[in-house]
Amino acid sequence: MKATQLLKNLVLTELTKAVKSYLLKINVDLPLSDFKIRIEYSRDEKFGDYSSPFALENKNLLKLNPKEIAEGILSEIKNEDLFEFVTFSPPGFINFRIRASYLLQYTNAVMFPSVSFAHSENTENILLEFVSANPTGPMNIVSARSAAYGDALGNLLTSLGHTVKREFYVNDYGNQVYLLGVAVLLRIFEEKGETITFQEEESEDSVISLIEKRILPKESYRGEYIKDIAKELLKDNSKSKQVEDWILKKNWEELVPYLSKYAVDYNLSRQKEDLKLFGVQFDLFYSERSLHEAGEVEKVPSILKSEDVTTIDGKLHFLSTQYGDDKDRVIRREDGRPTYLMADIAYHYDKYKRGFNKLIDIWGPDHYGYIARLKGAVESFGKPRDSFLVLIAQQVNLIENKEKVKMSKRLGIFQTMRDLLTYLGKNGKDVGRYFFLMRSSDAPLDFDLDLAKDESDKNPVFYIQYAHARVCSIFRELQIPMEGWVGPSNLNANHFQSDERLRLLFWVSRFQEEVYDTASNLEPHRLTNYLQSLSKAFTKFYSDKNNRIKEKQGEEREHLLLLIYLTKCSIASGLELLGISFPEKMSKEGE
């Protein structure tokens, strides 16, 4: 199925034809590209299914009043097979109602017996990097939002026909990782009965000196999870013996890196467990350390344009202001050590080397300022600026009893992704993913814990799942297996005259374009909104006594079964794209 075959695009094609004819009739010698021609959903369903503000948006160009323009275009629209009616409504909208017979044929063709998705005309080889939480500790709530967002986005882009690979970048190199090893070492001392203290003020002491004084550096890690890492290591006799030997010899140069690697591996394995619980899988966990060890980071100055790199006060700078950054950035320090930016440039250069022509990164809320410099680097090493896209997963506020939950590192209250999934219980994956996807990712999210724990249809994800389960229960009660069911032999739109049936049919027919728009705009929350509206239309249909399928016979029953079957397909396919289950049985189906 091509994007041009989407229902709203068919309407747009007919409108464009009518505009051409109208312009010829009134002798307007302007190219069609000068005009704004677009289709949107009607804001009030009583006016139609779709509408166009063409008459309003082009009145100045045509120097005519909107009513005159709209009525002129109406006279040029001829497709009676597609439209039930085309009307004008003030102040200047052209409204379109699609014929029930067309909707029925259309939905049956693209969704029965299995759903087909509209493909993008230009498919790409996409590397989607998301989560990429530091391996210095557990994943936090924003990482969980990024996980839900990135995974759903990967599914949606794949539905358009793109090739998508999911990647997690492991920041396992540098001072932060070294300090993680120091923290584990100090907790090992503590486990062995020694007293450790915490540095509160900066001092001239070196890290090694602080280790020997049993002082945990101020900038190191103090979370309780560090104790767990220390305890786990000491359970392994061979590792514990090796550590003890290094401690006796005060061989900190070997011991700290060893503990750093152990801690990174421990944290990463826990992160992978959490992601698995959340239904998120990656094609590759890419190690930053591997870039350094392969010498790729040191090559960065040579891959950037020579005029974009210069030494200032002994530091090597990337002149990122030439690409819209607010200041030029250091990529190599005076002592020769690379900055994080230098490693990130090497990493993104490597992505293109691996054959990807589109890079999409999902970053946390504190990384806005980093975008311009990295986009500049991409442009400097010869790739199109728009081939690299950064999306932001904004902050999450947990709400309980209508008040914001304080995230306390000391008390460990809802500090991690695992805390949240544990709190949500057996439905944690579905509820968590849906709630994270309910709002645009670039806006802060209020996550209502009370609503998330509610297992009634007040909970929006259950409301959708119940609609799916109700359809399945109807087929079960009628003893009609859905697998292999062929539907009515001849389609007859006369069975879709009531408002509830027509509205549900139209909402089902929108599924393809809703998925296409959601994927094209990289906005999974559009699909959650659609599924809510579709389920609401189904509930209204289901509640009407005239639609009691169990009491119908013959052709009418077959057509109503087709309608709810297509509803089920839409809900199931939509939830699957979001990474959420669609059970066929639920304890509160409302039968």
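For clarity, every value in this text was computed on a predicted model and none was experimentally measured. Below, all heavy atoms of this structure are taken into account, side chains as well, without hydrogens, waters or symmetry copies. The residues of the chain are indexed from 1 along the displayed sequence.
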*Side chains of S440 and D442: do they bring a donor and an acceptor to under 3.5 Å?*
yes
*asked:* Could you check whether N492 and E555, counting side-chain N and O atoms only, form a donor-acceptor pair closer than 3.5 Å?
replied: yes
*Relative to the ring of F506, is the ring of Y41 parallel (under 30°), tilted (30 to 60°) or perpendicular (over 60°)?*
perpendicular
*If you round to the nearest 0.5 Å, how far is CD of E68 from CD1 of I26?*
8.0 Å
_Could you check, using the six-membered ring where one of them is a Trp, whether W485 and F112 have ring centers closer than 6.0 angstrom?_
yes
*Where the side chain of N397 meets the backbone of D446, is there a donor-acceptor pair that is under 3.5 Å apart?*
no
*Check whether the ring centres of F93 and F54 lie less than 6.0 Å apart, and answer yes or no.*
no
*Hey, mind stepping through H559 and L104 against side chain to side chain contact (heavy atoms under 4.5 Å, CB included) and telling me if it holds?*
CA-CA 10 Å; H559 279 75; L104 187 57; 4.1 Å; yes
*Could you list all the ring-ring contact (aromatic ring centres under 6.0 Å, His included) pairs where at least one residue sits in residues 66-92, not counting sequence neighbours?*
F83-F96
*Is it true that the side chains of S51 and N95 contain a donor and an acceptor less than 3.5 Å apart?*
no
*asked:* Any donor-acceptor pair under 3.5 Å linking the side-chain atoms of S120 with those of Y516?
replied: no
*asked:* Check this for me: N494, atom CG, are more than 12 non-hydrogen atoms of other residues, nucleotides or ligands nearer than 6.0 Å?
replied: yes
*asked:* Does the Lys NZ or Arg CZ of R470 fall within the cation-pi geometry relative to F538 - under 6.0 Å from the ring centre and within 45° of the axis?
replied: no
*S387 side chain to P384 main-chain N or O, any donor-acceptor pair under 3.5 Å?*
yes
*side chain to side chain contact (heavy atoms under 4.5 Å, CB included) with T158: which residues, sequence neighbours excluded?*
V164
_Can you confirm whether E500 sits close enough to D544 that some side-chain heavy atom of one is under 4.5 Å from a side-chain heavy atom of the other?_
yes
*Pair E513 + R510: basic N to acidic O under 4.0 Å*: no
*Return the orientation label for the Y530 and W507 ring planes: parallel under 30°, perpendicular over 60°, tilted otherwise.*
tilted
*Between K453 (side chain) and Y423 (backbone), is there a donor-acceptor pair under 3.5 Å?*
yes
*Around atom CD of Q281, are there more than 12 heavy atoms of other residues, nucleotides or ligands at under 6.0 Å?*
no
*Could you tell me whether the side chain of H367 and the main chain of I392 form a donor-acceptor pair under 3.5 Å?*
no
*Report the residues that fulfil side chain to side chain contact (heavy atoms under 4.5 Å, CB included) with E124, sequence neighbours left out, ordered by chain and then residue number.*
I126, H162, N357, K358
*Would you check if the side chain of S441 reaches a backbone N or O of A393 as a donor-acceptor pair within less than 3.5 Å?*
no
*asked:* When you compare the side chain of F35 with that of L23, does any pair of heavy atoms fall below 4.5 Å?
replied: yes
_Plane angle bin for W363 and Y370 - parallel if under 30°, tilted between 30 and 60°, otherwise perpendicular_ = perpendicular
*Counting only N and O atoms by type, is there a donor-acceptor contact under 3.5 Å from the side chain of N140 to the main-chain atoms of V142?*
yes
*With respect to F541, which candidate in D499, L560, T567 satisfies the side-chain contact (heavy atoms from CB on, under 4.5 Å) definition?*
L560
*Please lay out, stage by stage, how H348 and L374 fare under the test side chain to side chain contact (heavy atoms under 4.5 Å, CB included).*
CA-CA 9 Å; H348 285 77; L374 199 51; 3.5 Å; yes
_Please report the interatomic distance NZ(K17) to CG(L12), rounded to the nearest 0.5 Å._
11.5 Å
*asked:* Any donor-acceptor pair under 3.5 Å linking the side-chain atoms of E45 with those of S42?
replied: no
*Does R526 pair with E514 as a salt bridge, N-O distance under 4.0 Å?*
no
*Are the side chains of L56 and I69 in touch, meaning some heavy atoms are under 4.5 Å apart?*
no
*Student check: side-chain heavy atoms of Q497 and R501 closer than 4.5 Å*: no
*Show the numbers, then the answer: is there a salt bridge (charged side-chain N to carboxylate O under 4.0 Å, His left out) between E379 and K375?*
CA-CA 6 Å; E379 197 171 350; K375 270 186 168 288; over 6 Å; no
_Please verify the inter-ring angle class for F447 with F436; under 30° counts as parallel, over 60° as perpendicular, anything in between as tilted._
tilted
*Measure from the side-chain N and O atoms of S543 to the backbone N and O of K540, and report whether any donor-acceptor pair falls under 3.5 Å.*
no
_Beyond-backbone contact of K165 with F356, side-chain heavy atoms, under 4.5 angstrom_ = yes
*Does K552 NZ have over 12 foreign heavy atoms under 6.0 Å away?*
yes
*Is there side-chain contact between P524 and L527, with heavy atoms separated by less than 4.5 Å?*
no
*asked:* Is the ring pair Y466/F462 parallel, tilted or perpendicular, if the boundaries are 30 and 60 degrees?
replied: parallel
*Would you check, one step at a time, whether the test side-chain hydrogen bond (donor to acceptor under 3.5 Å, both in side chains) holds for T163 with N125?*
CA-CA 5 Å; T163 299; N125 193 15; 4.7 Å; no
*Centre of F130's six-membered ring, under 6.0 Å away, within 45 degrees of the axis: is that where NZ or CZ of R166 sits?*
no
*So do S581 and L575 actually touch side chain to side chain, heavy atoms under 4.5 Å?*
no
*asked:* With salt bridge (Lys or Arg N to Asp or Glu O under 4.0 Å) as the test, pick out the partner of D151 among R433, K276, K429.
replied: R433
*Give the intermediate values and the outcome of side chain to side chain contact (heavy atoms under 4.5 Å, CB included) for residues S473 and K585.*
CA-CA 7 Å; S473 73; K585 292 182 179 180; over 6 Å; no
*Between R503 (side chain) and A537 (backbone), is there a donor-acceptor pair under 3.5 Å?*
no
*Using the side-chain hydrogen bond (donor to acceptor under 3.5 Å, both in side chains) rule, collect all pairs that involve residues 53-64, keeping only residues at least two apart or in two chains.*
R38-E57
*Step by step, work out the salt bridge (charged side-chain N to carboxylate O under 4.0 Å, His left out) result for D361 and K351.*
CA-CA 11 Å; D361 288 8; K351 291 180 180 182; 3.0 Å; yes
_Suppose the criterion is side-chain hydrogen bond (donor to acceptor under 3.5 Å, both in side chains): which pairs have a residue in residues 19-36, not counting sequence neighbours?_
K25-E76
_I'd like to know if the side chain of N427 reaches the main chain of D430, judged simply by a donor and an acceptor atom lying under 3.5 Å from each other, with no hydrogens or angles considered._
no
*Between the side chain of S116 and the main-chain N/O of V110, is any donor-acceptor distance below 3.5 Å?*
yes
_Enumerate the side-chain hydrogen bond (donor to acceptor under 3.5 Å, both in side chains) contacts for residues 1-11, please, sequence neighbours excluded, ordered by first and then second residue._
K8-D517
_Show, in sequence, the C-alpha distance, side-chain angles and deciding distance for T107 and F511, and conclude whether the side chain to side chain contact (heavy atoms under 4.5 Å, CB included) test is met._
CA-CA 9 Å; T107 53; F511 177 72; over 6 Å; no
*Any side-chain heavy atom of Y542 within less than 4.5 Å of one from I564?*
no
